[in-house]
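Notes for the one structure printed next.
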Amino acid sequence: MDVPADDLLRSAPLRRKLARSILTWFDGAARDLPWRRTRDLYCIWVSEIMLQQTQVATVVGYYERFLAAFPDVRTLAAADEARVLRLWEGLGYYRRARQLHAAAKQVVAEHGGEFPRSYEAVRALPGIGRYTAGAILSIGLDQRLPILEANTIRVLSRLIALRDDPRSTQSQLTLWSVAEAILPAERCGAFNQALMELGSEICTPREPQCATCPVAVCCAARAQGLTKEIPLAAKKTEYTDLTETAVVVRRGNKFLVRQCQPGERWAGLWDFPRFASAAVADESWLTSAREHLASWLGVQIEPIAHLTTTRHGVTRYRITLQVLDARYVSGKVADDLAPPSLRWVTLAELAEVPLCVTGRKITGLLAEKKTKQKSPVQKKPARTKVKRAQPTR
DNA sequence: AACTCGGGGCA
DNA sequence: TGCCCAGAGTT
């Protein structure tokens, strides 16, 4: 290990100076984020789960809507999973929402509805690893627990001029020990947040603002002119291209939707029937779509038109989605929740169904189309209830 | 120690 | 299109 790292780990005065500098800076620079206005463990927990692999700006709106709907653990534990997922829709990594929901039930069952205060008990909840447990308990209760995540990996790597891949097991061990070593005895929660804030606002991936960094003087990467090289870049992901087809099956004013099963992507969410297909939307595409729906779901359809083509990414996949508009002809569809969980729903009902993002996008197209088609003469009796869809970005 | 989980935003 | 993001859980 480099000398500066040893200094940080060994010299208590140096560590105290570092902590003081960072905390003082944070006191004047901390952003006003919604989850910083509370010390309620449940609220902090929700924020930390949402923030996993997700940027702050994206989370803010979701956090506020989620807590408005589920203000405490018991409310969340008692909620329908569909409502939980509906509020998570668009945030991605939906397993987080299902695990949060399951953990809420566990908190009610095992801890009387009180969020646990011991590291081991928190760590035992689904979806909570070392980072999240340390974050919740340090921020909420000032327990002296270190954290290590995207921002602080970068900050600490630069601070000690870590030459190795910070993702390696060896480096992680080093970084966790540094995170623990520099953690002051008091204001641990503020300090942990300050470190993340520093990584997010000053010690950025590209062109870090060293001129305004409160700890530039003890930064080894800075001293060695290596801020551009540290942390070592991750090897770029290799994408796999996929082409899939989604079919909008119309029957009167209803549409056929299917719940994604465990083991599939978007498990628990709903989508228009979707399957892997050829790359082009030609004659054979129509035929194979018809055959696929018949053999897969037992539904006979008559293709109407190619509705749209959309591209989206899912982890390491790049998906081109061909969307086919079709009419239901025949075939029995069990309208229940048993797998494969098919349902006929109206456009209005879709507002409450948790859909994957592409499903929501298609729904938007259908609503648009319906509005355009509607002639002034065919006026239906006004609906008394208008359901408001959550805004999609 | 890798790999996967199957996401989404933004320049 | 490439890079990044307040990681967790498995193999």
Side-chain angles (χ1 to χ4, degrees), chain A residues 30-31 33-36 44-63 88-100 102-103 122-136 138-139 146-156 164-173 175-176 179 189 191-201 203-207 231 233-242 244 260-269 271 274 276 311-319 356-358 360-361 392-393:
Chain A
R31 287 170 293 176
L33 302 173
W35 45 90
R36 288 186 177 162
I44 297 170
W45 174 32
V46 170
S47 77
E48 288 301 339
I49 300 300
M50 287 187 169
L51 286 161
Q52 289 172 1
Q53 299 289 282
T54 309
Q55 301 183 111
V56 168
T58 307
V59 168
V60 174
Y62 282 90
Y63 173 82
W88 207 273
E89 192 186 294
L91 203 51
Y93 288 124
Y94 300 94
R95 186 172 65 164
R96 293 182 295 175
R98 294 194 307 275
Q99 287 181 321
L100 177 64
V122 173
R123 188 69 179 70
L125 296 170
I128 299 187
R130 184 172 180 186
Y131 162 77
T132 305
I136 296 171
S138 67
I139 295 170
I147 59 158
L148 190 65
E149 45 74 65
N151 291 300
T152 62
I153 286 172
R154 187 168 54 251
V155 172
L156 300 181
D164 304 323
D165 181 352
R167 289 158 288 272
S168 74
T169 305
Q170 172 74 7
S171 295
Q172 289 282 306
L173 209 63
L175 292 170
W176 273 107
F191 180 79
N192 281 338
Q193 292 186 80
L195 225 42
M196 293 191 277
E197 192 84 346
L198 193 61
S200 153
E201 305 299 300
C203 196
T204 50
R206 276 163 300 194
E207 298 185 26
K235 63 175 178 200
K236 55 183 178 186
T237 54
E238 285 184 29
Y239 291 100
T240 304
D241 289 319
L242 297 177
E244 299 180 353
C260 304
Q261 299 301 301
E264 295 181 320
R265 62 175 177 245
W266 302 313
L269 297 180
D271 194 9
R274 177 201 276 248
R311 301 179 63 84
H312 66 105
V314 178
T315 60
R316 62 179 223 271
Y317 299 102
R318 299 285 196 189
I319 303 173
C356 61
V357 167
T358 46
R360 185 62 64 197
K361 189 172 175 181
T392 41
R393 283 150 320 286

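Numbers restart at 1 for each chain; the letters A, B, ... are given by sequence-line order, proteins then strands.
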### Option from A:Ile136, A:Thr132, A:Leu91 for which side-chain contact (heavy atoms from CB on, under 4.5 Å) with A:Ile49 holds
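Of A:Ile136, A:Thr132, A:Leu91, side-chain contact (heavy atoms from CB on, under 4.5 Å) with A:Ile49 is met by A:Thr132 alone.
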
Take the protein atom [atom1] of [X] and the nucleotide atom [atom2] of [N], then report the distance between them rounded to whole Å.
X: A:Ile49; N: C:dA8; atom1: CD1; atom2: C1'; result: 9 Å
X: A:Ile128; N: C:dG9; atom1: CD1; atom2: P; result: 8 Å
X: A:Glu244; N: B:dG6; atom1: CD; atom2: P; result: 15 Å
X: A:Gln170; N: B:dA2; atom1: CD; atom2: P; result: 12 Å
X: A:Arg98; N: C:dG9; atom1: CZ; atom2: P; result: 13 Å
X: A:Asp241; N: B:dG6; atom1: CG; atom2: P; result: 21 Å
X: A:Tyr94; N: B:dG7; atom1: OH; atom2: P; result: 7 Å
X: A:Arg96; N: B:dG6; atom1: CZ; atom2: P; result: 11 Å

### Task
Please work out if A:Gln99 contacts a base, only the sugar-phosphate, or nothing of the nucleic acid, heavy-atom cut-off 4.0 Å.
sugar-phosphate

### Query
So what does A:Val357 touch, heavy atoms closer than 4.0 Å: a base, only the sugar-phosphate, or nothing?
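Sugar-phosphate only.
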
Could you tell me which non-hydrogen atom of [X] sits nearest to which non-hydrogen atom of [Y], and how far apart they are?
X: A:Leu148; Y: A:Leu175; result: CD2-CB, 3.7 Å
X: A:Ile147; Y: A:Gly134; result: CG2-C, 3.8 Å
X: A:Tyr62; Y: A:Trp88; result: CE2-O, 3.8 Å

### Task
Could you check A:Glu48 against A:Tyr131 for side-chain hydrogen bond (donor to acceptor under 3.5 Å, both in side chains), going step by step and ending with a plain yes or no?
CA-CA 9 Å; A:Glu48 288 301 339; A:Tyr131 162 77; 2.7 Å; yes

### Query
If each of A:Arg167 and A:His312 is mapped to the nucleotide of DNA chain B with the nearest heavy atom, which maps nearer the 5' terminus, i.e. the 5' end?
A:Arg167

### Query
According to a strict under-4.0 Å criterion, is A:Thr315 in side-chain N/O contact with OP1 or OP2 of B:dG6?
no

### Task
Please check the phosphate of B:dG7 (OP1 and OP2 only) for any side-chain N or O of A:Trp88 closer than 4.0 Å.
no

### Task
Begin from the C-alpha positions of A:Thr152 and A:Glu149 and carry the test side-chain hydrogen bond (donor to acceptor under 3.5 Å, both in side chains) through to its verdict.
CA-CA 6 Å; A:Thr152 62; A:Glu149 45 74 65; 3.2 Å; yes

#### Entry: A:Trp35 side, atom CH2; A:Gln193 side, atom CD - distance, nearest 0.5 Å
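That separation rounds to 10.0 Å.
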
### Query
Tell me, for nucleotides 1-7 of chain C in 5' to 3' order, what letter each nucleotide earns: B for a base near a protein heavy atom under 4.0 Å, S for only sugar-phosphate near one, - for neither?
-BBSBBB

#### Entry: Separation between the C1' atoms of B:dC5 and C:dC5, rounded to whole Å
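One C1' to the other, the span is 15 Å.
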
### Task
Evaluate the side chain to side chain contact (heavy atoms under 4.5 Å, CB included) criterion for residues A:Glu238 and A:Arg316: first the C-alpha distance (whole Å), next the side-chain angles of each, then the deciding distance (0.1 Å), finally the verdict.
CA-CA 7 Å; A:Glu238 285 184 29; A:Arg316 62 179 223 271; over 6 Å; no

### Query
Which dot-bracket notation, 5' to 3', represents the base pairing of DNA chain C when pairs are defined as Watson-Crick or G-U with both distances under 3.5 Å, crossing pairs as [ ], and inter-strand pairs as |?
|||||.|||||

### Message
Taking A:Arg274 first and then A:Glu264, would you say they form a salt bridge - that is, a charged N and a carboxylate O separated by under 4.0 Å?
### Response
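A salt bridge is absent here (no side-chain N lies under 4.0 Å from a carboxylate O).
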
